[in-house]
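Structure, as structure tokens:
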Amino acid sequence: MIHSLFIINSSGDVFMEKHWKSVISRSVCDYFFDQQRKVSSPEDVPPVIATPHHYLISVYRCSMFFVAVCMTEVPPLFVIEFLHTVVSTLEDYFSECSESLIKENYVVVYELLDEMLDNGFPLATESNILKELIKPPNILRTLANSVTGKSNVSATLPSGQLSNIPWRRTGVKYTNNEAYFDIVEEVDAIIDKSGSTVFAEIQGYIDCCIKLSGMPDLTLSFMNAALFDDVSFHPCVRFKRWESERLLSFIPPDGNFRLMSYHIGSQSVVAIPVYVRHSISFREAGGGRLDITVGPKQTVGRSVENVVLEIPMPKAVLNCSLTPSQGKYSFDPVSRTLVWDVGRIDTTKLPNIRGTINLQSGAPPVESNPAINVHFTINQMAVSGLRVNRLDMYGEKYKPFKGVKYITKAGRFQIPDAAGPRRCPSPGRTSPTTTRPYDRVLAVAEVAELADGGSARVPEGGPGAAPAAADGDGGSWVADGIGVAVHVGGLLDQGRAAVEGMLWSLPVWARGALLATGCLALVLGVAVLVWLVRPGCLARVCCRRRRRNSENVTPPPGKAKKHSIDEELQLDHVTYRSWARGSLYDMPASGEGEGDGVSHASHRDSTYSSMSDGTDTSSVLSYASGVLPGGAGDAPASAPGPSHVGGLGGPLVGVLGGPPTAVLLVQYLGAGPEGAAAPTGRLAVTVLEARGLPTRDYGASPDPAVQLSVAPGRRGFPFRLNLAAVLRPRGAAAPAPPAHARPLHLLRTRTVRHARQPRYNEDFAVEARRADLKDWSLQVAVLDDCKLRGSVVLCRGEVRLKQLLLATPGEPSRLSVPMAACPEDRALLLFGLSFLPTAQRLNVSIIKATRVRLGHVVPSPHHFRPYVRATLVHVGSGRRVDSARTEPQEPSANPEFCETLSLKLSPAQLGTLSLVVALCHRLPENDERPPGSRRPRDRVVGAVSIGSRVTNDRGREHWRAIEQRPRRVISIWHTLT
């Protein structure tokens, strides 16, 4: 059968040989080397080579040739299958098959070959039996064998070698019983230049990783098993049941194995997942041009990854000067191969590469354009439409975890240029291959003949002669159309030839200057367009001034004047009572509590004070007694109540019926003890309460805290173009705001737990001048200190402090600030959910994230260490039930996770629990701290809630889908806020 085996590396050296019957000299490999030199690719070497006395049968795997030598005629496919089994066994033993690993484990490889082949005939090829005969190498076993002098070969015969199931060993036990199936399909296709499919077929296989205890009997069924044209099975598959029922029934081997291989022929409709638009042309003056664009096509929303284009250039090509918009390229001057490594295709901006090709001087003209070989990978997609229906297990009582994954790859995916090379015009000449108008007449005539059914003919005199009219009115109409097409086509061709000749006649520096001028004009045009459409632009300022002027005009009788937003927000004047009571102002008569003191805020941005029962207010009270005339007891006890100015200054909007509202008391204290005007006074603000706050998106009540920021108004030029903000890449950190945009004072109250109508009664005081109030604004934001989502802004409002100048001096003003929700999209996250009611488990498959905004988390994407945390929480109380997270990934602005998290969820909890998925940044100091120590909380980029009672529609639809279709993985893109 097989006499010898030679393993040859990529450089042509025989680094290992094995002989079974008789020793055959290495000189027999010279016939193989002769055939290897005749082909350009190692994969094109003939698998069977006949010599005068031997047959050489070879396979090419892992950049090595495995050559079997036979003395007699044997079935070639039998030997080829055995060689593939040898390579798969080496990969199973050493996790990969390479020249260095084979050299490091010569002894184990020779022992395996001795057991796999006996006197030239295959004996034991199953991985389980071989592992019982020859133990896989590891460090401990190698040290033990070197000390004791023992061998890896077992002294006893494996129990499964003599049974009718030799591929599975007995007594297998696992703690976690799992079964995974990988359906991999490779597309072999030939696509013409127009994008039509000339030839397409699919080579697929199903790889399994089975880790089940005992002796399970599995049954795998498909939704569309009629797609298979040809199949090849593992010996464990019962072939008769496949023929009768079209399902796979088998007792699986233990570990990794290939269950089946299949072929889908060209008679089936194969969807091509990518397209390539290319233009390769060569000039007679020793150069050429290249322009290639690649994009997705019929990918069902899946991303195309690991895209690589290989172009074997003609031998006359010296080098290439190209500019890729994505990825990188390399040109091998020895093999004349251009490789463009694109990576993942971004659908928003398709990858493109263009540039010039330099030819050798004096080289003959290129006869044909090169073909393009395309490589790509698409996860979670089977291009044939093959789907697994279900997997059933018999013979065992436990319930295993089952998973399936679909992968589409490019096999021999080639795009030839059958139209031949295109000649670009040399400088000062027109193109000799320009399409003539006569050719256009032929095309128009053919279309007219198909449309009319008549006999439209081209005149014998060529394009200059009058076209012959066909019979009837339709024929005259066709003739007129042909004449117009000829005239228009001739003008277009003449213009194009003139423009190309003029451009190529210019020197290199003139062409560069022309290109730079065009780019500069394009940039200026985009800048002007952005300047006109951004907020604060000239057009918007003019419209605002015109509206303001129209508002100042007295309206005619019968027409009401529109009130601006600032006019709708009125001030309620409240009488002053006492500082000694611990609060600046009188409390409303509804029985609200009183505050404890006043906190002074300096001009630092990060300074804020939160009031509590133990706050020291001595300095505040001494300041108050010095400012107020007569001390703390001058105010009469029976002070008048609030006087309403009108508008919204009266009764507040209802808690449940209106928008969120923050109630403040504001007063400017700018007089000294003797009444003299002081240059710097105090702006006193009391936060009374917040009403009508929304709940968290998963239903629990928030933990609100009110943040106040005093910011200056806009000064100077009212419209300016911020090119840095326009040109800054997505996800990059924003620079520090200018001085006129930073808040002068930043204040914050304490956090109230689980409240939608929190009461604070906290006082703040900041230094201010009365002249500054007309330019200042008070921004109010309600923050939710959530442990799952981080600090989230629930709602925000703003009021201008210039209205304090209109208030009665010495009396505080009550502000009812309406606020609105301000959600901010932070990222897009793709994850899938699968509910297993029997196992009472929810599987969360985290796939990837994109469009991540990191400005509020890290200074740059290079410091971002992303991970995803999934938490099940109770809808009413917000109590955490179960949580899991992925491993931190490498720094990336668009991280990929491809991890599955398991959470405990019973069918009875579907209506009471919600899932919160958050994208987080792992702080470096948390990796260095011991597990028992207190760690700072990781920063949250964004989160989304999934459940039956959440506020977002997509989250409710996703939860409803897993309820209606259990045991299925349903993946949806979610927006993190």
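Predicted model, so just to flag it, every value in this text is computed and none were measured.
At a cut-off of 3.5 Å, with distance as the only test, a side-chain donor of Gln779 or Ser709 sits close to an acceptor on the other residue. Side-chain atoms of Asp825 and Thr975 include no donor-acceptor pair closer than 3.5 Å. Side-chain polar atoms of Asn843 and Ser902 form a donor-acceptor pair below 3.5 angstrom.
Here Glu798 does not pair with Arg796 in a salt bridge; the nearest charged N to carboxylate O distance is not below 4.0 Å. Salt-bridge formation is not detected for the pair Asp785/Arg753: no Lys NZ or Arg NE/NH1/NH2 atom is positioned less than 4.0 Å from an Asp or Glu carboxylate oxygen. Using a cutoff of 4.0 Å between basic side-chain nitrogens and carboxylate oxygens, Lys904 and Asp882 are not scored as salt-bridged.
Residue Leu833 forms a side-chain contact (heavy atoms from CB on, under 4.5 Å) with just one option from Ile946, Val917, Ile972, and that option is Ile946.
Ring pair His863/His921: centre-to-centre distance not below 6.0 Å.
Across every non-hydrogen atom of Arg956 and Thr951, the tightest pair is NH1-O, 3.1 Å. The shortest non-hydrogen separation linking Arg756 to Leu693 is NE-O, 2.7 Å. The two atoms that bring Ala705 and Thr751 nearest to each other are CB-OG1, 3.7 Å, heavy atoms only.
Between the side chain of His754 and the main chain of Gly878, no donor-acceptor pair closer than 3.5 Å is present.
The environment of Arg939 atom CZ is sparse: at most 12 non-hydrogen atoms of other residues, nucleotides or ligands sit within 6.0 angstrom.
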